[in-house]
Amino acid sequence: MSMREVFHRPEALADVATHYCPGCDHGIVHRLVAEAIDELGVRDSTIGVAPVGCAVFAYNYWSVDMVQAAHGRAPAVATGIKRVRPNDTVFTYQGDGDLAAIGTAEIVHAAARRENITVIFINNSVYGMTSGQMAPTTLLGQVTTTTPGGRDPQRHGFPIRVTELLNALEGPVYLARTAVNTPKNLNVTKKAIRAAFECQIKGQGFSLVEVLSTCPSAWGLNPVECVGWLENNLIPHYPLGVVREPAATPKEEVAVGAR
Amino acid sequence: MSMREVFHRPEALADVATHYCPGCDHGIVHRLVAEAIDELGVRDSTIGVAPVGCAVFAYNYWSVDMVQAAHGRAPAVATGIKRVRPNDTVFTYQGDGDLAAIGTAEIVHAAARRENITVIFINNSVYGMTSGQMAPTTLLGQVTTTTPGGRDPQRHGFPIRVTELLNALEGPVYLARTAVNTPKNLNVTKKAIRAAFECQIKGQGFSLVEVLSTCPSAWGLNPVECVGWLENNLIPHYPLGVVREPAATPKEEVAVGAR
Amino acid sequence: MARGTVDIREERCKGCELCVHYCPSHCLELSCGFNAMGHHPVELVKPEKCTGCAICGWMCPDCVFTVYKEAR
Amino acid sequence: MARGTVDIREERCKGCELCVHYCPSHCLELSCGFNAMGHHPVELVKPEKCTGCAICGWMCPDCVFTVYKEAR
Amino acid sequence: MHVETIIAGFGGQGILMAGQLLAEAGMLSGQQVTWVPSYGPEMRGGVANCAVILADDPIGSPVVGEPDVVIAMNRPSMEKFSTLVRPGGVVIINSSIMENTIERHDVRVVEVPCNAIADELGSPRVATIVALGAFLEATKALEPSAIVEALRHVLPARRHNLIPLNEQALERGAAVARGERALVATQG
Amino acid sequence: MHVETIIAGFGGQGILMAGQLLAEAGMLSGQQVTWVPSYGPEMRGGVANCAVILADDPIGSPVVGEPDVVIAMNRPSMEKFSTLVRPGGVVIINSSIMENTIERHDVRVVEVPCNAIADELGSPRVATIVALGAFLEATKALEPSAIVEALRHVLPARRHNLIPLNEQALERGAAVARGERALVATQG
Amino acid sequence: MKILMEGNEAIAEAAVRAGCRAYFGYPITPQTQIIEYLAKRMPEVGGVVLQAESEVASINMVYGAAAAGARVMTSSSSPGISLMCEGLSYLAGAELPCLIVNVMRAGPGLGGILPSQADYWQATRGGGHGGYRSLVLAPSSVQECVDLMKLGFDKADEYRNPVLILADGLLGQMMEPVELPELCETSSANKPWAATGLHGRSHHNIINSLDTVPERLERHCLHLEDKYRQIASAEVRHETFGDSDARVVVVAYGTVARIVRSAVERARAEGMKVAMVRPISLWPFPSVGIDEASKAAERMLVVEMNAGQMVDDVRLAVHDRVPVRFYGRQGGMVCSVREVFEQIVALYKEVPEYVHA
Amino acid sequence: MKILMEGNEAIAEAAVRAGCRAYFGYPITPQTQIIEYLAKRMPEVGGVVLQAESEVASINMVYGAAAAGARVMTSSSSPGISLMCEGLSYLAGAELPCLIVNVMRAGPGLGGILPSQADYWQATRGGGHGGYRSLVLAPSSVQECVDLMKLGFDKADEYRNPVLILADGLLGQMMEPVELPELCETSSANKPWAATGLHGRSHHNIINSLDTVPERLERHCLHLEDKYRQIASAEVRHETFGDSDARVVVVAYGTVARIVRSAVERARAEGMKVAMVRPISLWPFPSVGIDEASKAAERMLVVEMNAGQMVDDVRLAVHDRVPVRFYGRQGGMVCSVREVFEQIVALYKEVPEYVHA
Ligand SMILES: Cc1ncc(C[n+]2csc(CCOP(=O)(O)OP(=O)(O)O)c2C)c(N)n1
Ligand SMILES: Cc1ncc(C[n+]2csc(CCOP(=O)(O)OP(=O)(O)O)c2C)c(N)n1
Ligand code: SF4
Ligand code: SF4
Ligand code: SF4
Ligand code: SF4
Ligand code: SF4
Ligand code: SF4
Ligand SMILES: [Mg+2]
Ligand SMILES: [Mg+2]
């Protein structure tokens, strides 16, 4: 009886070991991005932007041209690339500290500009790279090294729902929040990432997929426990789903009388 | 027959001439802020933060302690003040370039933190101070010195509705958009500003009043024409109203299980 | 007889005409003269029509007016 | 007979156990040995139960698996 | 030749444009030129001024501290800049809107009723061009035709119909500086 | 006295803590001490090491380039750091998980079955403390009681119940270095 | 043919002619005219001009466009440049060519909008962290603004390094006749290192400044040092004027150098032996040129619109052999020819064997 | 009683004991332990600790708190400090006292997380625009970190000026025994200029760095210059060690100075006449001290973890009289005692009349 290969490493995923901690979702999402690139046939014309965060070394992990951006500035860097190479496919891959803290202005404005780029946003509710400080997405009550008594809204403020925040803008064309906690959700995530890239390839404009992710190291749980924590805590606070699609995107308004 | 004084300069408005262009709404809003301070009896314990923009000299215009902030950073500066003087009343006064462009991260995070400060936000759809460049709030089709052919969504992106954007956060407690184009709207604005300060005084948290304003110089219209332009163009795009009130503010959530 | 009146701080007026535009009784106009800032300051040209409604005061960006109303 | 099988790139495995957790047929387990990175790599301990469903491949953060399924 | 000029007045009087015309004309006449806008604190206020240098040799400092000529289109400018003119220099004042109150006797003051003449010509906006005409006559720094040529470069084609008006304004200003002796006071 | 030590091993072996105990004990014994964590590229990886100096005089460089003693808790550490020890120095190796492959003959190698002893004591986590016991015996740098004292400072009160276990671990390590000659190889 | 142009607009037009097809910036006085001009001009040549949300975003957009092989620039004024410091360090670290124009205004802080040269240290000693270098060019006329733009872009590409044009507010807003070069186009094709998408290439290009292996990062730093040494030996530019046996030598750059030149001319006309050196490249600094020009000097004078930032570089250039004095104005004040002349006279008189010609 | 503490934690505890009750910062390796420590510690003393959304926000929160009269600090590492450059210039311009800790890592760009001293220029020559100055203190032991924190806060208040603590990553993460001072409290009452709300005061206080009248802004700049001159004469700190008639003098600061000290001790043990000077204040620079220590010197050696940023300051200090050599490591590499010793030997041998003792 012969066997056929039904799953293998995508071509756009460079064949090197990653530095991620065991069980970290970054690895899964990397592969999904690579699969989307392969399936859409754009590996030859894709330029990726790596953030500062655990994914900083992502420049080694995709076999496409890569640019490492300053902390939080990936959307600006991607804008610079896309504006001078409008026919190439440009994406950023950013964590929640990178995108939702220091990089708030850059992501909001890239979205408001309907900049024709794709953003893969890894929300693991902490700063993984610097080993576990509060992120803008940290849940109330969640213990981190900078919220040793748990995040307290009085002192540390409220978690930010990035997808909903950007949904308050006219600019974005595709916005979705997903997770990779089950094979089913993983497939939804894969479709969302593909849809986001498609938006860009069709010239429709700004797309972002927020992936709720685990951080075994900073959460202090083993990878399997992390899945449960994510399901019991992150998903309830950050509802999954597509919140903006090209069809539902506000049309360009009629121009006002100049001055 | 004797006359009684029914209108006079508020005490919190320093008795000096302003540098604003003739007919500029900044002057009106300055007075309304001063009236709120007087009426609430907090002149003695108020600290204001001036932006970079036409209102940069506002430090001379209110007779309260004032701090001049770097471009866009007034919410961070106000946070620094408020955290070390929690019993004083702290407000920022910012333009749309200052607050919605360079200062995006600072305003979003002050709001997300429910920082107990009051923000008066002057949206005149342009950079007045630097004489008329595009702002994040510039309408599609609007001509500015950096959008000489009118703002084009393809190249310059879409105008940002700040009040609605912040309303997508849990943090803010009071959010309103008003205008001073009619005596009636002026009264609404006055009430909104007062309500915003009251929020802070009661310790409820972040409040912001966006005031749609004219810029005769950059709009290239005389002050009276400006009122019409504002009514025909700005108000339709930026609907007036209170969008968040203390009563309707999301309550603090139940804390999640720590790690 | 006028039901109200206004004090005008001419030297602060920038001649923007907003008060002229908003005064419901049409009793304000710009004067021909200049003030020290080089503007044509506003004048109460029809004092008898002033109602002391204070709208001029509210709408003036430069706090030029003090408004008085008939006491009853 | 097994309806599928997997190739395991042991040296890339970080022993996170996610595949073990997700494999619907419970045919994976960590081995006792160490790989070069110091982790206990996963093993196909019940090859006969493997259906080639590829779930292990999907859920593995380190792309350790190649999955084969019976061809029909 | 080396003439350093300051042109000063209110915001709306076309001060910067007049200076620019002068510089453009100088350049077209083969001279070295520089034009520097006001660097006073009054930038955002109602006052405007610019410094123009016309010279045969390359220009060192473009900043004018002791002008040879001042064109003062309003009172504050007259008061401020007349004190800076070098001894023997020229001050052209817009006598339509102020009296000559210059107390120095070591400079030549040319009083030109710029606004009156401009109004006569039917265009209040050319008042500063009238003063420019007087300037050319008083200094001989350039031919008036150079200014006309400059206008042709500076104005967009659809505005070239304004050139004759400006020519008239230059000539009327020159006439005051040249002929109408009654209006020219040489002091000291 | 001046002893420079590098303690190295895997991430979870309590390497940094052992170094910190040593430094703390040195300080409590009135010595000058410094403790510097690893500055290798492997910071985020599975390897950890720290450098501890105990000295009578104020310490200049806290960076240890040529250690007097190395405690190597795993193979990569043994391979890397045994080459740096100064001639005449001591290398303590965790013989439970590796063979002694050190080829130098100018250093004293003390083989201590740290994991085996720790397991015997019922607590795999004290393996590095066992090595520390051997270190104290081999170098006489400090009294074991100083380490116990240090534990009292470093451990939170609710963990003081662990002190006797650690004391035992120290003693067992010392015993290996001292008495069980079979396990001690002096080479060269 | 010469045309009369404002400095800011000349800078903008020169960029376009030098083949720059991408501009990212944020308005700030006194250089907003650059983006305003380009907002009209860039579309005519098919280029990109984008008003960013901030200077931080601008410099990172520049980073992206440079990474993708474009000839790209930004411009700002002092406070805006401070916000670019992190980005500048990244550009230098990742070896990306680009051009940054700083039309300086008075500081510190918000300061004022009038001309200044108070960012000399920031420009020549970093600003950002990590001790990188940018080639810093300081024009002193509108024509030189035009000329140095082309040179700057070319050198940026040649060395894969950021180049800074350091102009003062005076230069940005004054008008002078300029001769503009021909319009030229450049392409990313001769930047094989750029992240342009594979398009058939087999290895993926990586633009990056990170290295966690210290031995490797040190090698990278040494490579940068080497490059800086090369620049330092090949790219020094300066201009000397006056007596070769001058007893007083004045050093000044930018618009101030023109004022100084007028003062030096006056002093020489009065018979004093005086010379001036005008650094055109501020880094690399023309130390040798200054040293040579002051072989006979008994006093040096540095004139700047700041509190004396170039003084140390001049002291080093002359090996602290000749006393170096300073004259400066600050806060937007511009020194006059008379002031500088008086300084020269005073110094000349200080010289012991002073003889008036 | 001494306790064993990590540098970062010692810095944090020392801040609390010095009366600092407000900290605003953003995590970055190798100094994140400062905010982590304070997140626990500040609430115990009723202080404020806030993790800001960025370094830009942090420094502007510091600006606000300092404006309101608080004893306030932030900390970061190299790239984060670059983002604070605008804010630093504002703080200096508005004369606000505060303390900034930079635990330097390797650059430029993202660089690495290992120790470095490559921000010397940035610290001593601005970083931000406008040519302001900060008092820069460089500790070389954990104990000195503690001591300089208190001194730094006091001097910041005394001069109404930012003070920078320039530490390297080694210092931040190493442990040493420290003696901690008593806990003290400070109040804004002795800052009558602060924006604390009127509370009965009749005039309103304004915190500001803007002035559009150049004459007035120039006066402000001159006032700042005056203050800097005062600091320069009163606040120089350094330490000298070794032979007063040394033929080779080594200059180094921070942790490197400890390595150098070991090397110098070794050289002296071998009979060479060697000394070292350790600048404690990097600005003001201990020029006089260095000059004095090198009266008999024939060679100077500067050792840093960068490409030689202090060299020019040393050349200026000795009036370029003695050849100044450099030895440095970069990218996170730390020089060893042996390396420095060999450098000293080589220089000693260069001296013509070299006689081995
Ligand atoms: C300007 C700057 N500030 C701070 C840092 C330090 N830093 C590196 S990664 C990081 C946070 C990363 O968190 P996140 O974006 O959530 O990514 P994760 O590691 O969780 O995937 C920080 C603060 C830096 N490198 N640069
Ligand atoms: C860091 C920095 N960037 C840019 C500027 C220049 N600048 C001053 S005001 C301003 C825009 C002001 O516009 P807005 O906030 O809308 O205020 P308005 O003048 O319209 O009231 C800009 C860009 C600056 N001072 N600092
Ligand atoms: S620290 Fe967290 S996010 Fe980073 S690699 Fe480890 S598990 Fe993943
Ligand atoms: S420029 Fe516009 S906003 Fe500024 S003062 Fe003038 S009218 Fe008001
Ligand atoms: S008070 Fe009313 S009626 Fe009187 S002038 Fe003012 S607006 Fe007119
Ligand atoms: S509204 Fe005020 S400033 Fe405007 S014209 Fe009337 S009085 Fe004058
Ligand atoms: S293919 Fe399916 S059944 Fe086979 S090992 Fe993988 S998950 Fe288990
Ligand atoms: S999921 Fe991958 S890395 Fe984790 S244990 Fe399984 S094979 Fe190994
Ligand atoms: Mg994260
Ligand atoms: Mg505005």
Side-chain angles (χ1 to χ4, degrees), chain G residues 56 78-79 81-83 85-86 88-94 104 106-114 116 118-122 125-132 208-222 224-225 306-307 309 312 315-316 319-321 329-333, chain H residues 56 78-79 81-83 85-86 88-94 104 106-114 116 118-122 125-132 208-222 224-225 306-307 309 312 315-316 319-321 329-333:
Chain G
V56 170
S78 313
I81 299 289
S82 291
L83 286 171
C85 284
E86 189 203 22
L88 281 167
S89 179
Y90 268 74
L91 283 158
M104 292 179 279
L110 190 48
I113 55 170
L114 301 182
S116 166
D119 305 345
Y120 177 93
W121 279 333
Q122 188 193 48
R125 303 291 196 285
H129 61 286
Y132 61 90
N208 175 35
S209 65
L210 171 71
D211 202 324
T212 51
V213 181
E215 288 82 359
R216 241 166 29 202
L217 185 54
E218 182 171 61
R219 269 200 299 282
H220 176 62
C221 292
L222 291 172
L224 292 179
E225 236 190 292
N306 61 38
Q309 299 186 17
D312 281 352
R315 284 180 59 199
L316 288 166
H319 305 288
D320 228 355
R321 193 178 18 83
R329 296 303 301 262
Q330 297 184 67
M333 299 298 293
Chain H
V56 170
S78 312
I81 299 288
S82 290
L83 285 171
C85 284
E86 189 204 25
L88 280 167
S89 179
Y90 268 74
L91 284 157
M104 291 178 282
L110 189 49
I113 56 169
L114 300 183
S116 167
D119 306 346
Y120 177 92
W121 280 334
Q122 187 193 50
R125 305 291 198 282
H129 61 286
Y132 62 89
N208 177 36
S209 65
L210 171 70
D211 203 326
T212 51
V213 180
E215 290 82 0
R216 239 164 33 200
L217 185 54
E218 182 171 59
R219 269 200 300 281
H220 176 62
C221 291
L222 292 171
L224 292 178
E225 236 190 291
N306 62 39
Q309 299 186 17
D312 282 351
R315 282 181 59 201
L316 288 166
H319 306 287
D320 228 354
R321 197 178 10 87
R329 297 301 302 262
Q330 296 184 70
M333 298 298 293

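Any value given below was found using the heavy atoms of this structure, including those in side chains, with hydrogens, waters and symmetry copies removed. The chains referred to below are lettered A, B, ... by the order of the sequence lines, with proteins before strands, and numbering in each begins at 1.
- Proximity to chain H (any heavy atom under 4.5 Å) is shown, for G/S116, by neither the backbone nor the side chain.
- Among G/R329, G/H220, G/Q309, the residue with the largest count of heavy-atom pairs under 4.5 Å with chain H is G/R329.
- Proximity to chain H (any heavy atom under 4.5 Å) is shown, for G/I81, by neither the backbone nor the side chain.
- In terms of heavy-atom pairs under 4.5 angstrom with chain H, the leader among G/G107, G/G128, G/A106 is G/G128.
- Chosen from H/C221, H/G93, H/G112, H/A307, the residue pairing most often with chain G at heavy-atom distances under 4.5 Å is H/C221.
- Between atom CG of residue G/L316 and atom CG of residue H/L316 there is a gap of 4.0 Å, rounded to the nearest 0.5 Å.
- Here the shortest heavy-atom pairing between H/C85 and G/G127 reads SG-O, 3.6 Å.
- Under the 4.5 Å side-chain criterion, counting only non-hydrogen atoms from C-beta, G/Q122 is not in contact with G/S78.
- Proximity to chain H (any heavy atom under 4.5 Å) is shown, for G/D312, by both the backbone and the side chain.
- Legend: residues meeting side-chain hydrogen bond (donor to acceptor under 3.5 Å, both in side chains) with H/Y120, ordered by chain and number and at least two apart, are H/D313.
- Between the side chain of H/Q330 and the backbone N or O of G/E218 there is no donor-acceptor pair closer than 3.5 Å.
- Annotation: maximal heavy-atom pairing with chain G below 4.5 Å, among H/L91, H/D119, H/L88, occurs at H/D119.
- Contact count versus chain H (heavy atoms, under 4.5 Å) is highest, among G/G131, G/A94, G/G111, for G/G111.
- Residues that satisfy the side chain to side chain contact (heavy atoms under 4.5 Å, CB included) test with G/S89, not counting sequence neighbours, are G/H129, G/Y132, H/P108.
- When all heavy atoms of G/L110 and H/S209 are compared, the closest pair comes out as N-OG, 2.8 Å.
- The candidate with the highest count of non-hydrogen atom pairs below 4.5 Å against chain G, out of H/V56, H/L224, H/L210, is H/L210.
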